[in-house]
Number of protein chains: 2
Amino acid sequence: MNYRSDIVFAAVADPTRRAILDQLARGPARVTDVAAPFAMSLNAISKHIKVLERAGLVRRTRRGREHTLALEPAPLREVVRWASKLEQFWTERLDRMEAFFAEKRKRS
Amino acid sequence: MNYRSDIVFAAVADPTRRAILDQLARGPARVTDVAAPFAMSLNAISKHIKVLERAGLVRRTRRGREHTLALEPAPLREVVRWASKLEQFWTERLDRMEAFFAEKRKRS
DNA sequence: CGGTAGTTCAACCTGACGGTTGAATATGGA
DNA sequence: TCCATATTCAACCGTCAGGTTGAACTACCG
């Protein structure tokens, strides 16, 4: 529906970006620190961070030459909402089916 | 972490595929029926369904020439788990900070 | 001032993804 | 048997995402 959740879902689809978010969940960090654990160039990480930023999942604060990144988990709520809604609809369906067959059994 | 959740996240990243899942949440349907609302070829939808199938999000049962598709929401649980874990870690961090400053305020 | 650290910008390459079209396969019905 | 329906397979194509490298920019420090 929302064009914005498209961006969030796409941002979160990449495993590297999910790992970055996992790391930022343990606290804010600079770009270089975020990049450290990964076996790829700093530039690649910089790009990933920009994607996360555009999705609203990361907030950047500049102090001098250092950029400090912080997790901004709000957009994840939409992801949770969508996924658990599907699960819920499904279980409700199962419940209705259950009820239907129970009723049928009782009548016969 | 899990290579399998990579597949699930990737499957769910595409808006068309999310729409397919939304539709299947209202009940099982044939491939043609699933494709009907979309302004793209049946082949494209067939491909999308295959992706969803490989991610374990859709189960297919063949009866004659018709393939009936059903939502299989189990893999979504991993998505929910990950996303809400991040949210939770974050709020816990905020709580700890809150507690820290409250303590500090009390002492001074 | 000069050098180095932190970060981005720009250009480029490659592979995969999402789509198309046309043919093949298999089942159902007259 | 013949035709239509339901679906996939195979080949192809354009775009874009993720990665690289090299240069630029800005801020700190001797």
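Contact detail for B:Ala83 and A:Val79: the closest heavy-atom pair is CB-CG1, 4.4 Å. A pairwise comparison of heavy atoms in A:Pro28 and A:Thr68 identifies CB-CG2, 3.9 Å as the closest pair. Scanning both residues, B:Gln23 and B:Pro37, for their nearest heavy atoms gives OE1-CG, 3.9 Å. Here the closest non-hydrogen pair linking B:Pro75 and B:Gly56 is CG-O, 3.3 Å. Closest approach of A:Val34 to A:Ala29, counting heavy atoms only: CG2-CB, 3.9 Å. Residue A:Leu24 comes nearest to A:Leu69 through the heavy atom pair CD2-O, 3.7 Å, listed as atom of the first residue, atom of the second, then distance.
Side chain of A:Arg30, nearest nucleotide from C:dG6, C:dT8, D:dT8: C:dG6.
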Side-chain donor-acceptor distances from residues 39-54 of chain A under 3.5 Å, at least two apart:
unit_1	atom_1	unit_2	atom_2	d
A:Ser41	OG	A:Asn43	N	3.4
A:Ser41	OG	A:Ala44	N	3.1
A:His48	ND1	A:Arg17	NH1	3.1
A:Glu53	OE1	A:Arg60	NE	3.2
A:Glu53	OE1	A:Arg60	NH2	2.7
A:Glu53	OE2	A:Arg60	NE	3.0

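The distance from atom CG of A:Asp6 to atom C1' of C:dG18 is 14 Å, rounded to the nearest whole Å. Rounded to an integer number of Å, the gap from CD1 of B:Ile7 to C1' of C:dA16 is 15 Å. For the pair B:Glu66 CD and D:dT8 P, the computed distance is 12 Å after rounding to whole Å.
The hydrophobic cluster containing A:Val80 also includes B:Val80, under a criterion of side-chain heavy atoms closer than 4.5 Å among ILVMFWY residues, counted directly or through chains of members.
Rounding to the nearest 0.5 angstrom, the gap separating the CG atom in B:Leu21 from the CZ atom in B:Arg18 is 9.5 Å.
Listed by first then second residue, pairs satisfying ring-ring contact (aromatic ring centres under 6.0 Å, His included) with a partner in residues 4-36 of chain B read B:Phe9-B:Trp82, not counting sequence neighbours. The stretch residues 13-45 of chain B participates, sequence neighbours left out, in no ring-ring contact (aromatic ring centres under 6.0 Å, His included) pair at all.
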Polar atoms only, N or O, under 3.5 Å: list the protein pairs with nucleotides 1-4 of chain D and their distances.
none

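For DNA chain C, the residues of residues 38-45 of chain A within the heavy-atom distance limit of 4.0 Å (strictly under) are A:Leu42, A:Asn43, sorted by number. The stretch residues 47-64 of chain A touches DNA chain C through A:Lys47, A:Lys50, A:Arg60, each having a heavy atom under 4.0 angstrom from the strand.
Here A:Arg30 pairs with A:Asp33, A:Glu66 under the salt bridge (Lys or Arg N to Asp or Glu O under 4.0 Å) rule; sequence neighbours left out. For A:Arg59, the salt bridge (Lys or Arg N to Asp or Glu O under 4.0 Å) partners two or more places apart in sequence, or in a different chain, are A:Glu72.
For B:Ser46, a side-chain nitrogen or oxygen approaches OP1 or OP2 of D:dT8 to under 4.0 Å.
When the local axes at the two ends of the helix from C:dC1-D:dG30 to C:dA30-D:dT1 are compared, using 5 base pairs at each end, they differ in direction by 10° after rounding to 10°.
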